[in-house]
Amino acid sequence: MPELPDVEVFRQYFEATSLHQGIESAQVLNDDVLSNVSARQFQNRVRNHQFDASRRHGKYLFVHLNNDGWLVFHFGMTGYFDYFKGKHKAPKHTRLLFQFANDYQLAYVSQRKLGKVSFVEDPDDFLKDQGLGPDALSESADLTTFSKALESTRSAIKPALMNQGHLAGVGNIYSDEVLFQAKIHPETKANRLGDAEVRRLFHTLKEVLKTAIDGKADPEQMPDSYLLPHRQKGGKCPACGGNLKREKISGRTAYYCPRCQGRDK
DNA sequence: CCTATAGCCTGACGGC
DNA sequence: TGCCGTCAGGCTATAG
């Protein structure tokens with residue numbers, strides 16, 4: 001699930017539920033998801049402290065602890081948070097569980113364990129180490145940067161948009177959505193796009209991500225003109241009604257409308 | 001250097 | 001019902 005819009009919604013959820021709450025304890029139900037700390041270290045650093053700030057960059061969520069240091073959540077393909085009242089059972093595949101003083105708990109759930117949680121002193125150092133580009137919705141992800149990134153690669157536009165080193169936050173689903181809205185074929189070579197197309201793509205990208213966040217990253221809440229709710233086998237193009245095409249592009253499943261999204265490669 | 005591909009991990013779904 | 005293959009909104013290490 002988690003691309004930029006999803007993670008932004010997780011961040012808002014985290015802020016609304018888990019900020020400024022005394023953490024009485026934390027459980028590590030599966031330490032596969034911890035990347036640079038042991039279960040014991042994790043529990044010790046969290047216990048009797050509070051989360052007091054959050055920040056998102058691309059698909060990463062940073063939460064600050066009031067005793068210094070940040071916890072970094074990455075959600076992989078199947079991660080999410082669930083905040084619930086103490087007595088209830090934690091969801092299946094809960095890997096980490098925070099117990100708050102108000103008798104609520106926050107679960108970090110990750111079915112496939114492709115996500116990771118770690119501790120960092122400085123988020124900016126972490127981002128640099130990961131080689132991440134600017135967050136797709138930030139000011140520093142401007143047209144010039146975007147355009148340079150696309151010129152620098154010979155790959156297809158879809159994987160170029162998903163390259164976190166160029167621009168952080170766009171994944172498989174939203175790259176399809178952005179290309180559909182911009183009416184660009186996903187296999188078009190990134191460095192062959194004309195100036196006008198690059199500009200259109202850039203504005204579409206920002207627009208789609210913002211719209212998705214406004215709709216809580218919920219396909220049901222997307223505008224009728226969006227591909228997302230139709231992105232399934234047998235899906236029809238919301239613009240022309242034609243059959244959507246499903247194809248593997250650099251290892252990932254792409255959906256697009258062959259009629260609306262030209263086929264100039 | 002670059003880009004493309006297999007592998008990680010677990011479960012859901014469809015076909016036989 | 002059971003078994004098997006395929007697929008899944010991410011990233012990394014490795015191969016070419």
Side-chain angles (χ1 to χ4, degrees), chain A residues 1-11 29-36 56-61 72-81 91-96 107-118 126-127 129-133 135-136 148-181 186-192 205 208-209 211-213 215-222 226-235 244 246-256 265:
Chain A
M1 185 193 310
E3 299 181 32
L4 186 154
D6 308 276
V7 178
E8 177 58 22
V9 173
F10 295 167
R11 194 189 67 76
L29 306 180
N30 190 308
D31 63 9
D32 292 350
V33 300
L34 295 178
S35 87
N36 66 348
R56 183 193 56 70
H57 186 107
K59 304 174 190 173
Y60 290 87
L61 174 65
V72 190
F73 290 95
H74 186 264
F75 297 91
M77 288 175 93
T78 55
Y80 64 96
F81 284 138
K92 203 171 179 185
H93 310 303
T94 295
R95 308 304 182 185
L96 302 175
Y108 167 80
V109 188
S110 180
Q111 185 209 118
R112 289 172 66 189
K113 298 193 284 195
L114 296 176
K116 282 279 178 278
V117 177
S118 44
F126 175 83
L127 297 175
D129 291 346
Q130 295 287 309
L132 290 186
D135 178 77
K148 276 188 187 148
L150 297 190
E151 278 166 26
S152 75
T153 178
R154 285 178 296 167
S155 72
I157 184 62
K158 179 180 168 67
L161 288 176
M162 292 171 63
N163 183 333
Q164 303 300 297
H166 289 161
L167 201 65
V170 179
N172 198 33
I173 292 285
Y174 286 99
S175 60
D176 278 0
E177 187 66 62
V178 169
L179 290 167
F180 176 73
Q181 295 301 328
E187 283 179 299
T188 311
K189 298 293 180 199
N191 60 5
R192 297 271 187 78
L205 175 82
V208 164
L209 294 176
T211 302
I213 292 169
K216 297 288 171 205
D218 176 0
E220 304 273 303
Q221 294 191 50
M222 296 301 139
Y226 270 40
L227 176 75
L228 221 165
H230 309 274
R231 202 182 170 286
Q232 54 201 284
K233 271 186 180 158
L244 293 177
R246 178 176 183 273
E247 190 180 339
K248 279 251 190 271
I249 298 177
S250 72
R252 305 300 299 275
T253 302
Y255 281 85
Y256 64 96
K265 291 191 189 173

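Chain identifiers are assigned alphabetically (A, B, ...) following the order of the sequence lines, protein sequences preceding nucleic acid strands; residue numbering begins at 1 within each chain.
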Margin query: Classify the ring geometry of A/F73 against A/Y108: parallel below 30°, tilted from 30° to 60°, perpendicular beyond 60°.
Written below: tilted

Checking the side chain of [X] only, and the main-chain atoms of [Y] only, is there a donor and an acceptor separated by less than 3.5 Å?
X	Y	value
A/Q164	A/G169	yes
A/K158	A/N172	yes
A/N36	A/S118	no

Length of the line joining [X]:[atom1] and [N]:[atom2], which is rounded to integer Å:
X	N	atom1	atom2	value
A/R231	C/dG9	CZ	C1'	7 Å
A/M162	C/dT12	CE	C1'	14 Å
A/M222	C/dG9	CE	P	15 Å
A/L179	C/dG9	CG	P	16 Å
A/L114	C/dT12	CG	C1'	11 Å
A/Y256	C/dG9	OH	C1'	19 Å

Note to self: Between A/H166 and A/S152, does the side-chain contact (heavy atoms from CB on, under 4.5 Å) criterion hold? Intermediate values first, please.
What the structure shows: CA-CA 10 Å; A/H166 289 161; A/S152 75; 3.7 Å; yes

Under 4.0 angstrom, heavy atoms only, what part of the nucleic acid is [X] near: base, sugar-phosphate, or nothing?
X	result
A/T78	nothing
A/K233	nothing
A/R154	sugar-phosphate
A/S110	nothing
A/K116	nothing

Next item on the list: For the residue pair A/Y256 and A/E187, confirm or rule out a side-chain donor-acceptor distance under 3.5 Å.
Entry: no

Check: Is any side-chain N or O of A/H74 closer than 4.0 Å to OP1 or OP2 of C/dG10?
Finding: no

Next item on the list: Verify the contact: side-chain N or O of A/Q130 to OP1 or OP2 of C/dT12, cut-off strictly under 4.0 Å; return yes or no.
Entry: yes

Item checked: CA sep, side-chain torsions, deciding dist, call: A/Y60, A/Q130, side-chain contact (heavy atoms from CB on, under 4.5 Å) -> CA-CA 11 Å; A/Y60 290 87; A/Q130 295 287 309; 3.3 Å; yes

Next item on the list: Of all the heavy-atom pairs spanning A/M77 and A/P2, show the shortest one and how long it is.
Entry: O-CD, 3.5 Å

Checklist line | Between A/F75 and A/F81, ring centroids under 6.0 Å | finding: yes

Roughly how many Å apart are [M] and [N], using the [atom1] atom of each and rounding to a whole number?
N	M	atom1	value
C/dG9	B/dG14	P	16 Å
B/dG7	C/dG5	P	15 Å
B/dA12	C/dC11	C1'	22 Å

Checklist line | Nucleic acid contacts of residues 166-174 of chain A, taken as heavy-atom distances under 4.0 Å to DNA chain C | finding: A/G171, A/N172, A/I173

Next item on the list: Given side-chain contact (heavy atoms from CB on, under 4.5 Å), test A/T253 with A/R246 step by step and report yes or no.
Entry: CA-CA 7 Å; A/T253 302; A/R246 178 176 183 273; 3.7 Å; yes

Next item on the list: Hunt down any stem DNA chain C takes part in, defined as 3 or more consecutive Watson-Crick or G-U pairs whose two distances are each under 3.5 Å.
Entry: B:2-8 with C:10-16, B:10-16 with C:2-8

Check: From C/dT12, C/dA8, C/dG9, pick the nucleotide closest to the side chain of A/R246?
Finding: C/dA8

Margin query: With heavy atoms of chain A within less than 4.0 Å as the criterion, where does contact along DNA chain B begin and end?
Written below: B/dT3 to B/dG11

